[in-house]
Amino acid sequence: MSTSQRRDKLALLHEEIAKLHAAGEHLAWSMQRCQALIQHSPWSAEDLERLESLASRFARFADLLTQRLMRLADDLELDAPGSLLDRIRRAEKRGWVNQDGRLVRIREIRNLIAHEYEDAELAELYRAILEATPDLLAVIPHVQSWATRIH
């Protein structure tokens, strides 16, 4: 990779991290609005709208992390593209998460959000999202720290 290509990729990295921060703020806000909702059901239409917003923001953040930032990190470190699982393992080695397997679980939840699910499964899905959201948000400072080190 040439010096100018690396410079361009580092600039893109900073843009993507800024997007991650913004997405994290929106996700954290949705999480706070939904924590009390999960304790009771049936949910009103307004409650469902909040929970669906949380799910959408969770999936968007997870995609930004796994599909954009992890690929960019691999590119900057000259790693072969590999599978999503390969990217997740490398992110774990970079210290982006504190627990092994958390990013795999986050990706599984993201996939559940993206696919059709039964109404009876909604409560379980929303609980899983709320449980995993703090782990997902905790990635932000680790990614930022890694980005500072690779300059």
Nearest-0.5 Å distance, [atom1] of residue [X] to [atom2] of residue [Y]:
X: C34; Y: E52; atom1: SG; atom2: CD; result: 10.0 Å
X: M70; Y: D86; atom1: CE; atom2: CG; result: 11.5 Å
X: L130; Y: L54; atom1: CG; atom2: CG; result: 5.0 Å
X: E124; Y: I129; atom1: CD; atom2: CD1; result: 11.0 Å
X: D75; Y: K9; atom1: CG; atom2: NZ; result: 3.5 Å
X: S53; Y: R33; atom1: OG; atom2: CZ; result: 7.5 Å

Nearest heavy-atom pair of [X] and [Y]: which atoms, and what distance?
X: P81; Y: D74; answer: O-OD2, 4.1 Å
X: A147; Y: L13; answer: CB-CD2, 3.7 Å
X: A55; Y: I113; answer: O-CD1, 3.5 Å
X: T133; Y: L27; answer: CG2-CG, 3.7 Å
X: P134; Y: E131; answer: CD-O, 3.4 Å

Take the angle between the ring planes of W146 and W96 and call it parallel below 30°, perpendicular above 60°, tilted in between. perpendicular
Return all side-chain donor-acceptor pairs below 3.5 angstrom for residues 104-111, not counting sequence neighbours, or 'none' if the list is empty.
residue: R107; atom: NH1; partner: D63; partner atom: OD1; Å: 3.0
residue: R107; atom: NH1; partner: T66; partner atom: OG1; Å: 3.2
residue: R110; atom: NE; partner: D63; partner atom: OD1; Å: 2.6
residue: R110; atom: NE; partner: D63; partner atom: OD2; Å: 3.4
residue: R110; atom: NH2; partner: D63; partner atom: OD2; Å: 3.3

How would you list all residue pairs meeting salt bridge (charged side-chain N to carboxylate O under 4.0 Å, His left out) that involve residues 135-145, not counting sequence neighbours?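 Matches after skipping sequence neighbours: R102-D135.
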Could you check L122 against L51 for side chain to side chain contact (heavy atoms under 4.5 Å, CB included), going step by step and ending with a plain yes or no? CA-CA 9 Å; L122 282 176; L51 290 162; over 6 Å; no
Exam field: side chain [X] to backbone [Y], donor-acceptor pair closer than 3.5 Å:
X: S145; Y: P141; result: no
X: E92; Y: G101; result: yes
X: D47; Y: S44; result: yes

For F58 and Y126, run side chain to side chain contact (heavy atoms under 4.5 Å, CB included): C-alpha distance rounded to whole Å, both residues' side-chain angles, the deciding distance at 0.1 Å, then the answer. CA-CA 10 Å; F58 183 95; Y126 293 138; over 6 Å; no
Do the side chains of L64 and R60 get nearer than 4.5 Å, heavy atoms only? no
Do H142 and V97 touch side chain to side chain, with heavy atoms closer than 4.5 Å? no
Run the side chain to side chain contact (heavy atoms under 4.5 Å, CB included) check on L103 and L65 step by step: do they pass? CA-CA 10 Å; L103 290 174; L65 178 67; 3.8 Å; yes
Are any of the side-chain nitrogens in R50 or E46 under 4.0 Å away from the carboxylate oxygens of its partner? yes
Between D79 and R94, does any side-chain N to carboxylate O distance fall below 4.0 Å? yes
Test of understanding: clusters of I, L, V, M, F, W, Y form through side-chain heavy atoms closer than 4.5 Å, transitively. Do I140 and W29 belong to the same one?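 I140 does not cluster with W29.
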Evaluate the side chain to side chain donor-acceptor pair (under 3.5 Å) criterion for residues R7 and T3: first the C-alpha distance (whole Å), next the side-chain angles of each, then the deciding distance (0.1 Å), finally the verdict. CA-CA 6 Å; R7 187 175 41 249; T3 303; over 6 Å; no
Side chain to side chain contact (heavy atoms under 4.5 Å, CB included), that's the test. Do K19 and R68 meet it? Break it down for me. CA-CA 11 Å; K19 291 177 187 175; R68 302 200 43 146; 3.9 Å; yes
Between R87 and S83, do the side chains contain an N or O donor and an N or O acceptor separated by less than 3.5 Å? no
Distance alone, cut at 3.5 Å: any donor-acceptor contact between the side chains of S2 and R6?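 No - no donor-acceptor pair under 3.5 Å links their side chains.
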Residues forming a ring pair (Phe, Tyr, Trp, His ring centres under 6.0 Å) with H21, sequence neighbours excluded: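 Expected list: none.
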Neighbour count above 12 (heavy atom, 6.0 Å) for E49 CD: no
